[in-house]
Amino acid sequence: MAQEDFLPLNGTDFVEFWVGNAKQVAHYYQTAFGFQPLAYAGLETGVKDRTSYVLRQDKITFIFTTSLVPDTEISQHCNKHGDGVKYVALWVDDATKSYEETVKRGAKSYMKPTTEKDENGEVVMSGIHTYGETIHLFVERKNYKGIFLPGFVKWDPLYKPVDVGLKYVDHMVGNVGWNEMNVWAKFYADVMGFKQLISFDDKDISTEYTALMSKVMANSNMRIKFPINEPAVGKKKSQIEEYIDFYQGPGVQHVAMATDNIVKTVTALRNRGVEFLKVPMTYYSTVLERVGEIDEELAPLAELGILIDRDDEGYLLQIFTKPVEDRPTVFYEIIQRKGAKSFGKGNFKALFESIELEQESRGTL
Ligand code: FE2
């Protein structure tokens with residue numbers, strides 16, 4: 001009989017970024033990525049030291065928070081890391097039990113279970129540390145009817161560009177330092193009860209110049225998937241090492257967002273200013289030999305630079321943005337799954353050669 005899951009997770013609740021200028025970042029995610037305004041907290045709602053904008057697209061909720069004063073945890077975080085992910089919040093039915101079960105298995109406490117109330121009910125939140133300065137929050141909202149969380153008001157600006165068809169967070173990748181991948185894979189296994197789905201070593205993920213290693217950890221219902229990357233030795237500097245240099249430590253590398261029409265979504269994103277990595281056109285002259293027949297026309301995929309890979313269960317279409325900020329740190333993946341449950345191993349080489357060209361132009365290879 002299967003063991004009972006001590007940490008049942010309903011999905012990703014929200015991802016909170018700590019940024020230098022939340023107003024302008026929120027505008028970028030509306031304009032470029034089609035997120036819709038949802039909620040706001042700041043001076044007008046009685047918060048004195050920070051401002052937060054909450055944006056949503058289908059099941060994906062992002063918060064962008066900035067500090068209004070110097071020397072806060074938020075302003076120090078931005079000073080050190082640049083704009084980056086602080087909270088990866090997980091939606092649970094019992095935030096107290098989630099906290100107790102993980103802390104008892106060795107998680108470092110960030111926030112004891114705390115209840116916030118307003119006229120719409122109550123939310124219980126707790127938190128534990130993960131890699132770097134990143135935090136997992138557990139959010140229990142079954143007794144809450146409000147727009148987002150207590151303390152937030154509806155944010156309803158005039159400007160509302162349409163969405164681009166992004167549906168849910170497929171996976172979120174963490175970059176950790178040398179020899180730390182196994183430490184964090186073990187953390188997700190021991191402390192959170194995750195299982196290892198896949199492991200890639202430097203022979204799977206290497207080009208002539210650079211290499212990395214990765215283990216994908218997933219919870220029991222597979223709604224939460226966290227690949228963990230570490231750099232590997234190559235002739236030149238791994239993209240993971242470049243990230244860690246610029247982020248000044250481990251952190252979230254990319255968020256993969258699912259769509260059910262990648263050509264439409266990526267066309268819209270590109271028209272709205274999102275920049276994507278491009279693979280050489282030669283990729284498309286042999287790709288169908290590797291992946292077999294697909295439902296889509298190849299020409300639009302090639303035109304947009306969308307990559308294709310297949311596993312035993314089906315195939316997937318994926319593409320990666322360039323970093324969305326000036327430090328070469330956080331970026332996004334857009335993914336459409338057509339049966340495949342894997343992560344695009346067949347594309348790694350072409351993709352990393354493309355990233356190396358970008359690194360070369362930054363002088364960080
Ligand atoms: Fe990914």
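Below, each value reflects all heavy atoms present in this structure, side chains not excepted, and no hydrogens, waters or symmetry copies.
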Task: Side-chain donor or acceptor of Thr265 paired with backbone N/O of Val164 under 3.5 Å - done: yes
Open item on the list: Any non-hydrogen side-chain atom of Asp245 less than 4.5 Å from a side-chain atom of Thr364?
Closed with: no
TODO: Check Thr329 against Asp83 and note the closest heavy-atom contact, atom names and distance.
DONE: OG1-O, 4.3 Å
- [ ] Answer yes or no: are there more than 12 heavy-atom neighbours, outside Trp184 itself, under 6.0 Å from its atom CH2?
- [x] yes
Task: Closest approach of Val252 to Val330 (non-hydrogen atoms, all atoms of both residues) - done: O-CG2, 3.7 Å
Task: Close side-chain approach of Leu307 and Leu317, heavy atoms under 4.5 Å - done: no
Open item on the list: Any non-hydrogen side-chain atom of Leu68 less than 4.5 Å from a side-chain atom of Val47?
Closed with: no
- [ ] Nearest 0.5 Å please: distance from the CG atom of Asp58 over to the CG atom of Asp260.
- [x] 9.0 Å
Open item on the list: Is there a ring-ring contact (aromatic ring centres under 6.0 Å, His included) between His254 and Phe320? Walk through the geometry before answering.
Closed with: CA-CA 9 Å; His254 75 265; Phe320 296 83; 5.7 Å; yes
Task: Arg223 (side chain) donor-acceptor with Gly11 (main chain) under 3.5 angstrom - done: no
Open item on the list: How long is the straight-line distance from CZ of Arg337 back to CD1 of Ile262, given to the nearest 0.5 Å?
Closed with: 11.0 Å
Task: Heavy atoms from other residues, nucleotides or ligands near CG of Asn271 exceed 12 (cutoff 6.0 Å) - done: yes
Task: Whether Glu230 side chain and Met213 backbone form a donor-acceptor pair below 3.5 Å - done: no
Open item on the list: Checking one residue: Tyr159. Which other hydrophobic residues are in its cluster under the side-chain 4.5 Å linking rule?
Closed with: none
- [ ] Using a cut-off of 6.0 Å, state whether more than 12 heavy atoms not belonging to Gln196 lie near its atom CD.
- [x] yes
TODO: Answer yes or no: is there a donor N or O on one side and an acceptor on the other, between the side chain of His81 and the main chain of Tyr247, under 3.5 Å?
DONE: yes
TODO: Please check if the distance between the ring centroids of Tyr332 and Phe33 is under 6.0 Å.
DONE: yes
Task: Note, Phe276 side chain near Ile306 side chain (heavy atom, < 4.5 Å) - done: no
Open item on the list: Within the supplied structure, the quantity of interest is the number of heavy atoms (other residues, nucleotides, ligands) at a distance under 6.0 Å from Tyr209 OH; does it exceed 12?
Closed with: no
Task: Non-hydrogen side-chain atoms of Ile294 and Leu301 separated by less than 4.5 Å - done: yes
Open item on the list: Suppose we call two aromatic rings close when their centres sit under 6.0 Å apart. Are Phe200 and Phe343 close by that rule?
Closed with: no
TODO: Could you label the plane-to-plane angle of the Tyr29 and Phe35 rings as parallel, tilted or perpendicular, counting under 30° as parallel and over 60° as perpendicular?
DONE: perpendicular
- [ ] Kindly say whether Asn347 contributes a backbone atom to a donor-acceptor pair with the side chain of Gln318 at under 3.5 angstrom?
- [x] no
Open item on the list: As a quick check of understanding, evaluate salt bridge (Lys or Arg N to Asp or Glu O under 4.0 Å) for Glu358 and Lys322, giving each step before the final call.
Closed with: CA-CA 9 Å; Glu358 298 281 322; Lys322 293 184 182 182; 3.5 Å; yes
Open item on the list: Ignoring hydrogens, what is the shortest heavy-atom contact between Pro328 and Glu242? Give both atom names and the distance.
Closed with: CG-OE2, 3.6 Å
Open item on the list: Can you list, by chain and residue number, the hydrophobic cluster partners of Ile147 when the side-chain cut-off is 4.5 Å?
Closed with: Phe14, Trp18, Leu38, Val54, Ile63, Ile74, Tyr87, Tyr110, Met111, Val123, Met125, Ile135, Leu137, Val139, Tyr144, Phe148, Leu149, Phe152
Task: Any donor-acceptor pair under 3.5 Å from Arg272 side chain to Thr31 backbone - done: yes
- [ ] Could you walk me through whether Thr282 and Ser285 pass the side chain to side chain donor-acceptor pair (under 3.5 Å) test, one step at a time?
- [x] CA-CA 5 Å; Thr282 52; Ser285 56; 5.6 Å; no
Task: Distance in Å, Leu304 CG paired with Ile334 CD1, rounded so as to fall on 0.5 Å steps - done: 12.0 Å
Task: Side-chain donor/acceptor of Glu180 to backbone N/O of Gly177, under 3.5 Å - done: yes
- [ ] May I ask you to test the Met217-Leu197 pair for a side-chain heavy-atom distance under 4.5 Å?
- [x] no
Open item on the list: For the OG1 atom of Thr207 and the CD atom of Gln239, what is their distance to the nearest 0.5 Å?
Closed with: 9.5 Å
Open item on the list: Strictly distance-based, threshold 3.5 Å: is any side-chain N or O of Tyr131 a donor or acceptor partner for the main-chain N or O of Gly249?
Closed with: no
Open item on the list: Would you compute the distance between atom OG of Ser75 and atom CG of Asp49 and round it to the nearest 0.5 angstrom?
Closed with: 9.5 Å
Open item on the list: Other residues, nucleotides and ligands only: do more than 12 of their heavy atoms fall within 6.0 Å of NZ on Lys97?
Closed with: yes
Task: Check: Ala95 main-chain N/O paired with Ser126 side-chain donor or acceptor under 3.5 Å - done: yes
TODO: Verify the neighbour count for atom NZ of Lys237: are there more than 12 heavy atoms of other residues, nucleotides or ligands below 6.0 Å?
DONE: yes
Task: Side chain to side chain, Tyr99 and Ser109, heavy atoms closer than 4.5 Å - done: yes
Task: OG-NE2 distance between Ser98 and His136, expressed to the nearest 0.5 angstrom - done: 12.0 Å
Open item on the list: Other residues, nucleotides and ligands only: do more than 12 of their heavy atoms fall within 6.0 Å of CZ on Arg141?
Closed with: yes
Task: Atom of Glu241, atom of Pro231 and distance for their closest heavy-atom approach - done: N-CB, 4.2 Å
Task: salt bridge (charged side-chain N to carboxylate O under 4.0 Å, His left out) contacts in which one or both residues fall within residues 123-140, not counting sequence neighbours - done: Lys80-Glu133, Glu140-Lys142
Open item on the list: Which residue is it: Tyr28, Tyr53, Phe17? I am looking for the one with a ring pair (Phe, Tyr, Trp, His ring centres under 6.0 Å) to Phe64.
Closed with: Phe17
- [ ] Classify the side-chain pair Arg56/Thr61 by whether it contains a donor and acceptor separated by less than 3.5 Å.
- [x] yes
Task: Within residues 286-306 or reaching into it, pairs that qualify as salt bridge (charged side-chain N to carboxylate O under 4.0 Å, His left out) - sequence neighbours excluded - done: Arg270-Glu303, Arg290-Asp309, Asp295-Lys338, Glu296-Lys338
Task: Heavy-atom closest contact (Phe187 atom, Thr130 atom, distance) - done: CE2-OG1, 3.9 Å
TODO: Could you pull out the closest heavy-atom pair between Asp5 and Ser220, with the gap in Å?
DONE: OD2-OG, 2.6 Å
Open item on the list: Checking the side chain of Gln336 only, and the main-chain atoms of Ala258 only, is there a donor and an acceptor separated by less than 3.5 Å?
Closed with: no
TODO: Taking salt bridge (Lys or Arg N to Asp or Glu O under 4.0 Å) as the test, write out the residues that go with Lys186, two or more places apart.
DONE: Asp190
TODO: Using the test salt bridge (Lys or Arg N to Asp or Glu O under 4.0 Å), find all partners of Asp118 that sit at least two apart in sequence or belong to another chain.
DONE: none
Task: Lys160 atom NZ, over 12 foreign heavy atoms within 6.0 Å - done: yes
